[in-house]
**Q** 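Quick one: the structure is below, and I'll ask about it shortly.
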Amino acid sequence: MSPLSLPRVASLAFAVALAVGVTACGGTTKESTGSSGPPTTTAAANPNAPLKTGLKVAFLPKQLNNPYSDIEAGGGRVAVGELRGEFKLVGPNDASASSQVSYVNTLIQQQQDVIGIAANDPNAVCPSLNQARAAGIKVVAFDSDAAKNCRDLFVNQATTAGIGQILVSMTRELVGGSGDIAILSATPNATNQNSWIEVAKAELAKPENSGLKLVTTVYGNDDDQKSFQEAQGLLQSYPNLKAIVAPTTVGIAATARYVSGSAYKGKVVVTGLGTPNQMRQFVKDGTVQRFALWNPADIGYLAGYASVALASGRITGAEGQKFAAGKLGEYTIGRDGEIVLGPPTVFTAQNIDQFNF
Ligand code: RAM
C-alpha cells in the first residue's frame, strides 16, 4: 500500500460517502516533460510556527463561469477568512491550456503570498509558477494538478485511483454489465480528467469489465454548449451506445440536458461526476440514476488551510507532515506533496435531496 492514508473527513457531506475500494496512488499526475524549475521542497517544517495573519492568498481556478469552481473558491474564501488572511479570486473564462498564464504573472507582480491553482494544463503554467516560487510565493495546486516540479502541494479531491474506479463501476452496474460506452471529458489537457481516464482504461482492461467497450473519448472543453453538441454527436455516431460517462460537472450536466430532451432518455445511461444542484432535475426526471462527486467547497477550504500552513512554515510539502484544516480536522501530506480530501460520494434519487451544492 502507498503511504497515503485517507483522512477522517468530518463534514456532513461525506457522512454517506460510499466506501469505494480506494487504492491510494501517490503519483497522480503525468510526469512533467520539459518543465524546469525548483523541485518540491523537502525542507524541515516547524509544526509550532505561529500561523501568519494578513497573508495574501489568491485562487486561480480552471475557469470562473463554472458553478463547480465558484463553490470550490467559496470554500477557500471561508478558510482564508477564518485564518484572517486576504483572499482573492481571479481566473479566465475558458479552460484552455494557456489561459491561466497571464493571471499567474499578474499575481506575481501583486506579491501574493500564495497562489492556489487548478491547472488547465500541467506544463503550460509551469514557467510562470516557478517564477512565482523564485519570488517567494508558495504554490498550492488543487483539483487539477500542475506538474510536480512547479508547485509545493496538491490538494486532490479523492485518490485518482478511487475516482477512476468509481467511474467504471457505476457505469458497469448501470448498463447491466455490457455494452458500448463513450467518455465525454473536459479539455484534452486537463490533468485531473486525464489521470482519471487513465485509471478507467486500466479498470476496463480487467476481466470483470470485459463486457464494456470504450468506443471513443471526446472533449467538451468544460464549455456547456460544446459539451451539449459533443453528447449529441456521440449518440448520432454510435447508435449502439449504452452509456456516456462524463468525468466533469460541465460535461455531465450538458449531456443530461441533451438526453433528457431526446428519445435517448431512459435508454442511454448518463453518469460521471456532477454537482447535486446541477443534476437534481435530471435525477428527478429519470435521465440520470447515479453519479458521484465530493464537496467542492471542502477542497477549496482544505486548500485554504494548506496555503496558510505552508506560507507560515508549519509545513513545507514533505511526506508525513501534518496540519490542522479547521472543521475538516487534521491532514497528512502524502507522497509527492499530495493531500487527499476524502472518498467521493455517490448520489442517487434516494439521497440527492440531502445535498445542496
Ligand atoms: C469540472 C472541472 C473540475 C473537475 C470537475 C469534476 O467542473 O473539470 O476540474 O474536478 O468537473
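Order of appearance sets the numbers: ligands from 1, and atoms from 1 within every ligand. Please read these numbers as outputs of a predicted model, since none were measured by experiment.
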**Q** Under 4.0 Å from any heavy atom of T248, which atoms of ligand 1 are there?
**A**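 So the answer, numbered in order with elements, is 1 (C), 11 (O).
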**Q** If you look at every heavy atom in A253 and F282, which pair is closest and at what distance?
**A** O-CE1, 4.0 Å
**Q** Does either side chain, that of Y305 or that of E82, offer a donor lying less than 3.5 Å from an acceptor on the other one?
**A** yes
**Q** Heavy-atom contacts with Q193 under 4.0 Å: which atoms of ligand 1 show up? List them by number with element.
**A** 2 (C), 4 (C), 8 (O), 11 (O)
**Q** Regarding K88 and the six-membered ring of F59, is the cationic atom NZ or CZ under 6.0 Å from the ring centre and inside 45° of its axis?
**A**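 Verdict for F59: no cation-pi partner in K88.
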**Q** Please check this pair: side chain of T348 against backbone of Q350, looking for a donor-acceptor N/O pair closer than 3.5 Å.
**A**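 Such a contact is found between T348 side chain and Q350 backbone.
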**Q** Counting each atom of ligand 1 from 1 as listed, which ones have a heavy atom of N66 under 4.0 Å away?
**A** 1 (C), 7 (O)
**Q** Looking just at side-chain N and O atoms, do T316 and Q321 make a donor-acceptor pair shorter than 3.5 Å?
**A** yes
**Q** Which residue and atom name correspond to the protein heavy atom nearest atom 2 (C) of ligand 1, and how close is it?
**A**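 Ranking protein heavy atoms by distance from atom 2 (C) of ligand 1, first comes D222 OD2, 3.2 Å.
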**Q** Is the contact between F142 and ligand 1 made by the side chain, the backbone, both, or neither, using heavy atoms and a 4.0 Å cut-off?
**A** neither
**Q** Please check this pair: side chain of S99 against backbone of A95, looking for a donor-acceptor N/O pair closer than 3.5 Å.
**A**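 Looks like no, no N/O pair under 3.5 Å.
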**Q** List every atom of ligand 1 that sits less than 4.0 Å from any heavy atom of Q157, numbering the atoms from 1 in the order shown and giving each element.
**A**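 Selected atoms, number and element: 10 (O).
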**Q** Select the closest option to atom 11 (O) of ligand 1 among N221, T249, I71, N120, judged by heavy-atom distance.
**A**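 Among N221, T249, I71, N120, the closest heavy atom to atom 11 (O) of ligand 1 belongs to T249.
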**Q** side-chain hydrogen bond (donor to acceptor under 3.5 Å, both in side chains), that's the test. Do K62 and N192 meet it? Break it down for me.
**A** CA-CA 11 Å; K62 280 182 169 179; N192 51 347; 2.9 Å; yes
**Q** Would you mind checking which non-hydrogen protein atom is closest to atom 3 (C) of ligand 1, with the distance to 0.1 Å?
**A**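 Sorting protein heavy atoms by distance from atom 3 (C) of ligand 1 puts D143 OD2, 3.4 Å first.
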**Q** So if I count the atoms of ligand 1 from 1 in the order they appear, which ones are less than 4.0 Å from some heavy atom of W196?
**A**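 Counting from 1, the qualifying ligand atoms are 10 (O).
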